[in-house]
Amino acid sequence: MNPVGDPWGEDGLSSVAADDGGTTPADWLMVGNVSVGNESEVLYYTNSCLYAYNPTDEMITFQFWICGILLNIVGILGILGNVLSMVILSRPQMRSSINYLLIGLARCDIVLIITSVLLFGIPSIYPYTGYLFFYHYYIFPNISPYVFPIAMVAQTASIYLTFTVTLERFVAVCHPLRVRALCTYGRAKLYVLVCIIFAILYNLPRFFEVSVIEHVFKGGVVYCVIASEMRSNPNYIEIYIHWLYLIFIYVLPFSQLAILNALIYAQVRRANRERQRLSRTEKREIGLATMLLCVVIVFFLCNVLAMINNIMEAFYDTTNDYLVNTSNLLVTINSSVNFIIYVIFGEKFKRIFLTLFCKGRIGRESPDGLIHDDSSFSNGDGNHRNSGRFQRHGTSRSSTRSNGTSLRITRSVRVRAPSPGPCVYYPARDFKPRGGLVTRSVSMQNSDWEHDTMDTIVNGNGLVSTTAF
C-alpha cells in the first residue's frame, strides 16, 4: 500500500536510505542556524521524526485512537460547546460578574482545544494511516514553536480562571456581605486580565523551548521539531519544567481549590438543611455554587493524571507514553464539557439556549430578549411577580361602572421567566412620584426579573389615564 501523500513508498524513508547508499538520518541532517542540543539527542529526534510512519507499532496505534480519533472529535464538539456558552452568557439578561468570568474561561478553553488538536490530534493521524504527510512534515514543525507556548498560556489561564470562579463563589456563598464590593462586573474584567497577564509572563520561556531542523536528502526536504538548547539544559529542566510547573500549575491551584470547595460544600449542606428559611436570592446563589462545584470536580478528575505524569517525571525521571496521551485527551475533555454542565444544572442557561436555538418549539423571541408564547402569559407556568413581592395573574379585564359609563382596563405584562441563574443582587430604587403619576422603576443588576406593567383606562369620553407599575 502506498498511503496518500506519502512519496516515499511503503517503507517510509527506508527506501530513500537504500537508494542513498545506506546512509542514516543523521547523514541527511542540515541544521543551519538553529541551535540544538547534543548529537545523541538530535539523532534521537531525527529518527523519531523521519521514521514516524509505522502502523504496526502498538504505541502509534494507541496514539491514533486516543489522540487522532477521540481527541479530535472531543475537540470539535468542545469548540462548538464553548462558542454556544459564550453566546448565551453574553446575553443582556445573563450579565453578571460570574458570567463574565465564565466567558473568559470559555475563551481560554477554545484556545486550549485548538492548540491541543494542532499539537496532538492531527499529527497522530499520519504515523498510523500514512495520510496528512504534508501536515506532519511541513505545517506541524513550523507552527510548533508558536502553538506550543500559546497552549501553555491557555492552560495556565484556564486553571487560574477556574480558581477565580471558585473564589468568587466562595465570597458569594460564605461572605455575602462583601459581594457588592468584590463581585462586580468591572472587577471581573480585571480578574480575567490579571489571569491572562500572569499566564503570559509565566510562560515566556516556553517560546524558546522548541526548535525546527531541516532534513535534506536525495528525495527532498522535510522539517522536524526538536528541543532547543535551553530546553535541553538540566538546570532549566529541573527548576522550571519540573519544580515551578508542579508548584504553580498543580500544587497551589489544586490545594486552594480543594480548600475553597470544601468550605463551599459545607455551606451548601448547611443551607440545604435550612432551605425553608432561605430567601429566593440565597437559594439561587446556593444553586449556582452547586453547579460550579461540579465544574471544579470535573477539573480535578481530568487534570489529576497530568499531575501524576509530572510528578513521575520530576521525582522518578520516567514517563509513560500511554499515560501522557491519555492525560492529553482528559485535559481536552475538561475544556470541552462545561457547556454540558451549564445545560444540566443551569435552568436559566438552558432556557435561553432553547429560546435562541429552538424557537419553533417554545415560542418566539422579541428584540429585547423577552420570550413571548401564544398563551396569555409570557411564561407558561403563570407565575409572575411584580417588585418581587406579589403576583399578578391574567392580562386583561373589563368592567362597567354603576353610572353606565363603559370602563375597559387593559394590562400589558412583560416578564422574564424565573431561574436560579448566577446573580449579584442589588436593591431596587426608591419610588419617585412624577406629575401626579406613580412610577416605580425596579432595577436589579443580574436579576432574573424585569417587569413593565401598564394599566390603561379608557373612559367614555375618550380620555386616557395611565398608571405604570
Side-chain angles (χ1 to χ4, degrees), residues 71-117 151 153-169 172 183 185 188-189 191-193 195-196 199 257 284-285 287-303 330-359 362 365 369 371 416-417 419-424 446 448:
L71 189 146
N72 287 329
I73 294 175
V74 171
I76 293 173
L77 296 177
I79 292 174
L80 177 62
N82 280 292
V83 170
L84 292 177
S85 296
M86 291 171 56
V87 171
I88 296 173
L89 294 173
S90 300
R91 301 289 294 176
Q93 59 267 46
M94 296 291 284
R95 178 185 173 93
S96 68
S97 61
I98 186 66
N99 285 347
Y100 189 86
L101 294 176
L102 294 179
I103 292 173
L105 179 61
R107 291 170 179 168
C108 292
D109 284 339
I110 289 176
V111 176
L112 183 59
I113 293 171
I114 293 175
T115 56
S116 180
V117 170
V153 170
Q155 182 190 29
T156 305
S158 178
I159 290 174
Y160 278 90
L161 281 173
T162 303
F163 168 74
T164 305
V165 168
T166 303
L167 186 62
E168 199 269 359
R169 284 298 88 198
C183 303
Y185 199 78
K189 293 182 177 180
Y191 298 152
V192 173
L193 183 61
C195 289
I196 294 176
L257 283 172
R284 291 174 180 173
E285 294 289 354
L288 178 58
T290 303
M291 182 189 76
L292 295 178
L293 187 62
C294 295
V295 173
V296 174
I297 291 175
V298 173
F299 172 81
F300 272 114
L301 295 177
C302 292
N303 284 274
L330 290 176
V331 170
T332 306
I333 291 176
N334 175 66
S335 298
S336 305
V337 299
N338 284 345
F339 172 78
I340 299 176
I341 298 175
Y342 300 156
V343 170
I344 294 175
F345 294 95
E347 290 297 329
K348 185 176 182 180
F349 184 94
K350 178 168 57 180
R351 185 168 55 253
I352 295 178
F353 169 73
L354 295 175
T355 302
L356 293 176
F357 302 101
C358 304
K359 295 179 182 179
I362 62 174
E365 186 180 24
I371 301 172
R416 281 199 183 128
S419 162
C423 302
V424 178
N446 306 322
D448 293 333

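These values consider heavy atoms only, across backbone and side chains, with no hydrogens, waters or symmetry-generated copies.
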- Query: OG1 of Thr164 to CD1 of Ile98: how many Å apart, nearest 0.5 Å?
  - Reply: 9.5 Å

- Item | Residue among Asn334, Ile333, Ile340 satisfying side chain to side chain contact (heavy atoms under 4.5 Å, CB included) with Val298 | Asn334

- Message: With side-chain contact (heavy atoms from CB on, under 4.5 Å) as the criterion, how do Asn303 and Val331 come out once you've worked through the C-alpha distance, each side chain's angles and the decisive distance to 0.1 Å?
- Response: CA-CA 6 Å; Asn303 284 274; Val331 170; 4.0 Å; yes

- Item | Ile73: partners by side chain to side chain contact (heavy atoms under 4.5 Å, CB included), with sequence neighbours left out | Ile69, Leu77

- Taking atom CG of Leu84 and atom CZ of Phe357, what is their separation to the nearest 0.5 Å? 5.0 Å

- d(Ile344 CD1, Phe339 CZ) to nearest 0.5 Å is 10.0 Å

- Query: Where do Ile113 and Ile79 come nearest, in terms of heavy atoms and distance?
  - Reply: CG2-CG1, 3.6 Å

- Item | side-chain contact (heavy atoms from CB on, under 4.5 Å) evaluation trace for Phe345 with Leu292 | CA-CA 9 Å; Phe345 294 95; Leu292 295 178; over 6 Å; no

- Could you pull out the closest heavy-atom pair between Ile341 and Met291, with the gap in Å? CG2-O, 3.9 Å

- Query: When you look at Phe353 and Val87, which way does the side-chain contact (heavy atoms from CB on, under 4.5 Å) test go after all the steps?
  - Reply: CA-CA 9 Å; Phe353 169 73; Val87 171; over 6 Å; no

- Contact summary for Ile103 and Ser90, nearest pair of heavy atoms: CD1-OG, 3.5 Å

- Message: With rounding to the nearest 0.5 angstrom, report the CD1 to OG distance, Ile110 to Ser158.
- Response: 11.5 Å

- Task: Taking all heavy atoms of Met94 and all of Ile88, pick out the closest pair and write down the distance.
- Result: CG-O, 3.4 Å

- Message: Any side-chain to backbone donor/acceptor pair from Asn82 onto Ser335? Under 3.5 Å, distance only.
- Response: yes

- Quick one: OG on Ser336 to CG on Leu71, what's the gap to the nearest 0.5 Å? 8.0 Å

- For Ala157 and Cys108, which heavy atoms make the closest approach, and how far apart are they? CB-SG, 3.7 Å

- Intermediate values then yes/no, side-chain contact (heavy atoms from CB on, under 4.5 Å), Leu102 and Ser85: CA-CA 9 Å; Leu102 294 179; Ser85 296; over 6 Å; no

- Could you tell me how the ring of Phe163 sits relative to the ring of Tyr160: parallel (under 30°), tilted (30 to 60°) or perpendicular (over 60°)? perpendicular

- Task: Rounded to the nearest 0.5 Å, what's the gap from CZ on Phe299 to CG on Leu301? Could you check?
- Result: 11.0 Å

- Note on the structure: Between Gln93 and Lys348 the two heavy atoms that sit nearest each other are O-NZ, 2.6 Å

